[in-house]
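Below: the structure, in structure tokens.
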Amino acid sequence: MIDLKLLQKDFDAMSAKLSRKKVDTSLIADLKQKNEELKKAKTEFETLQAMQNSMSKEFGIYKKEGRDVSELKAKVDANKINIAAALETQRERQEELETLAMSIPNMPDDNVPDGADENDNIEIKKVLAPHAFTFAPKEHWELAEQNGWIDFERGVKLATSRFSVSFGMGAKLERALINFMLNFNSKRGFEEVSVPVIVNRNALKGTGQLPKFEDDLYKIDSQELFLIPTAEVPVTNLFADEILEESQLPIKMTAYTPCFRKEAGAAGRDTRGMIRQHQFHKVELVAITTPQTSDKVFDEMLACASDVLTALELPHRLVTLCTGDLGFSAAKTVDIEVWLPGQNTYREISSVSNTRDFQARRAKIRYKDGDKNSMVHTLNGSSLAVGRTLVAIMENFQNEDGTITIPKVLEPYIN
RNA sequence: GGAUCUUUGGCAGAGUUGGUCGAAUGCACCGGUCUUGAAAACCGGCGAGGGUUAUACCUCCCAGAGUUCGAAUCUCUGAGGGUCCA
């Protein structure tokens, strides 16, 4: 959630930043006004409540002294009616404010480039040059079927479209990749955690998936629980409602989970193959830091994800997302795109984001900052999407006859 | 599934004849005295959010509803945990 105090203090700066993310200034103005109205309603209610409290105290004293309370009671009873009304207004205002505030995205960092969509993203650097093929490289679904690694039809049979089944070496490679990545991340100082893949509404509010993006989540109707779209949700929320000691920070974690997404807005996109699945494996990085160190940890996470690809000998590039492509919670995001020779293009395989204090404010994750409590910064990044990594391996390591060479670093994991 | 108990500040743990309880006490933590330094001892501070220049003031004792002038304390519902029965 954006900082309402800051909004009151510096409306212009904030609305300028948010308008870069296509948030209508009138919305921000509305938010400011609602905030002021809530304040007013609160003051009103609290004044009445204070009266009530002091009269009640008096009441106790009167009783003890055996004095007549009928007059006081009449006063108190009258006040009660006003309190009920004031409380009701306050509640309404509170709810209005919250509904609006929770649906406003994070402000982009100042150095995030302006832009409308992914075409305006800015490449930072390329790592490893795509190697030249002496034959026309195939796309991964062809290779996957030819090698018997992935069965798309049977995935559909078991569930619905956008589900698949991995067999034999395909399945083995997925497992190898997960283990390899977790080990890799551990060595970089990210503690391995294993978390629930079903979470409640509150956790999803904390990281920003709710209330705005409920359509893209799988919901367990009977219980108000949801399948996680990313490990970012349970891992970040591990520390919700907590006040951490500064000495504990930064907390750096890595987790493997399956992820579940309805892909509601993606009809018709990537319908073939396993680029866009409803269920996929992902190894995630999450960090909780002080504001002073979040940029440093961001770079560490980005390097960590990029180095995994380098270790796998996969050509990739780093891309700074422009304002138009930036996610809801992120102040800054760098995507890592892996080279897919079959598709002859770079495709997103990882996304590292700094949400600054946006999620921290929603999830109430704070730390002792001297003698006061301040919001932490939270960061997350994939390292990596396992299915897409497998796709990249298939396409980059394919031989002319359609067989696939296994990257050297994975050999210990599949024997 | 049935019965019963329980849910308090970072932790432990008082508080159940409703009033001055945001809450004893201990531990932990922070500051100080003492010490060459540390430990011990002693003194002081120490929940969170809102609000204020600062006070005042308001809210929070699992969640929600209720009784009452007044609820951590009583009633109901729900959730989590324990024990027993099945």
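Residue numbers begin at 1 in each chain, while the letters A, B, ... track the order of the sequences.
- What separates CD of A:Glu98 from P of B:G50 is a distance of 14 Å, to the nearest Å.
- The interatomic distance linking A:Met1 (CE) with B:G50 (C1') rounds to 13 Å, in whole Å.
- A:Ile365 places its CD1 atom 16 Å from the P atom of B:G10, with the value rounded to the nearest Å.
- Partner assigned to B:A79 is B:U7, using Watson-Crick or G-U wobble distances below 3.5 angstrom.
- Between A:Lys368 and the phosphate of B:A48, there is a side-chain N or O to OP1/OP2 separation shorter than 4.0 Å.
- Under the Watson-Crick or G-U wobble criterion, with both distances below 3.5 Å, B:C60 is paired with B:G47.
- How far NZ of A:Lys17 is from CG of A:Asp109: 7.5 Å, rounded to the nearest 0.5 Å.
- Position along RNA chain B of the nearest nucleotide to A:Glu245 versus A:Ile61 favours A:Ile61 as the more 5'-ward residue.
- Summarising the geometry, the separation between CG on A:Asp3 and C1' on B:G49 is reported as 14 Å, rounded to the nearest angstrom.
- If you take atom C1' in B:G10 and the same atom in B:A86, they sit 40 Å apart, rounded to whole Å.
- The pair A:Asp270-A:Arg388 does not meet the salt-bridge criterion, since no charged nitrogen lies less than 4.0 angstrom from a carboxylate oxygen.
- When Watson-Crick and G-U wobble pairs are counted only if both distances are under 3.5 Å, B:U73 pairs with no nucleotide at all.
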Assign a letter to each nucleotide of nucleotides 62-77 of chain B from its 5' end: B, base within under 4.0 Å of a protein heavy atom; S, sugar-phosphate only; -, no contact. ---S---BS-------

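- Remark: of the listed residues A:Val197, A:Val199, A:Val286, A:Val199 is the sole one forming a side-chain contact (heavy atoms from CB on, under 4.5 Å) with A:Val233.
- Rounded to whole angstrom, the span from the CG atom of A:Leu97 across to the P atom of B:G50 amounts to 14 Å.
- Applying side-chain contact (heavy atoms from CB on, under 4.5 Å) to A:Leu318 and the options A:Val352, A:Ile336, A:Ile122 leaves one that passes, A:Ile336.
- Across all strands shown, A:Lys5 has heavy atoms under 4.0 Å from sugar-phosphate atoms exclusively, and none from any base.
- The residue A:Ile243 sits close only to the backbone: its heavy atoms come under 4.0 Å of sugar-phosphate atoms, none of a base.
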Extract from the structure each pairing of a protein N or O with an N or O of nucleotides 52-61 of chain B at less than 3.5 Å, listing the distance.
from	atom 1	to	atom 2	distance (Å)
B:C58	OP1	A:Asn53	ND2	2.8

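- The neighbour count for A:Glu95 CD, taken as heavy atoms of other residues, nucleotides or ligands under 6.0 Å away, does not exceed 12.
- Formation of a donor-acceptor pair under 3.5 Å by the A:Asp335 side chain with backbone atoms of A:Glu337 is not found in this model.
- Comment: A:Lys40 does not engage A:Glu36 in a salt bridge, judged by the lack of any side-chain N to carboxylate O separation of less than 4.0 angstrom.
- Judged as a ring pair (Phe, Tyr, Trp, His ring centres under 6.0 Å), the pairs with a partner in residues 186-217 of chain A (not counting sequence neighbours) are, in order, A:Phe213-A:Phe328.
- A gap of 34 Å separates the C1' atoms of B:G45 and B:U6, to the nearest Å.
- Ionic pairing of A:Glu300 and A:Lys296 is present here: one or more N-O contacts between side-chain nitrogen and carboxylate oxygen are shorter than 4.0 angstrom.
- Atom pair A:Glu37:CD and B:G50:P shows a separation of 21 Å (rounding to whole Å applied).
- The aromatic rings of A:Phe180 and A:Tyr413 lie perpendicular to each other, with more than 60° between the two planes, well past the 30° mark.
- Using N1 to N3 plus N6-O4 or O6-N4 for Watson-Crick, or N1-O2 and O6-N3 for G-U wobble, each under 3.5 Å, B:U55 pairs with nothing.
- Note: CD (A:Glu242) to C1' (B:G9) measures 15 Å, nearest angstrom.
- Atom CG of A:Leu48 and atom P of B:G51 are 19 Å apart (whole Å).
- Taken from NZ in A:Lys205 to CZ in A:Arg362, the straight-line distance is 9.0 Å, to the nearest 0.5 Å.
- Across the strands present, B:G1 finds its partner in B:C85; the criterion is a Watson-Crick or G-U wobble pair with both atom distances under 3.5 angstrom.
- The separation of B:U83 from B:U25, taken at their C1' atoms, amounts to 29 Å, rounded to a whole angstrom.
- Remark: the separation of the C1' atoms in B:C85 and B:C27 is 39 Å, to the nearest Å.
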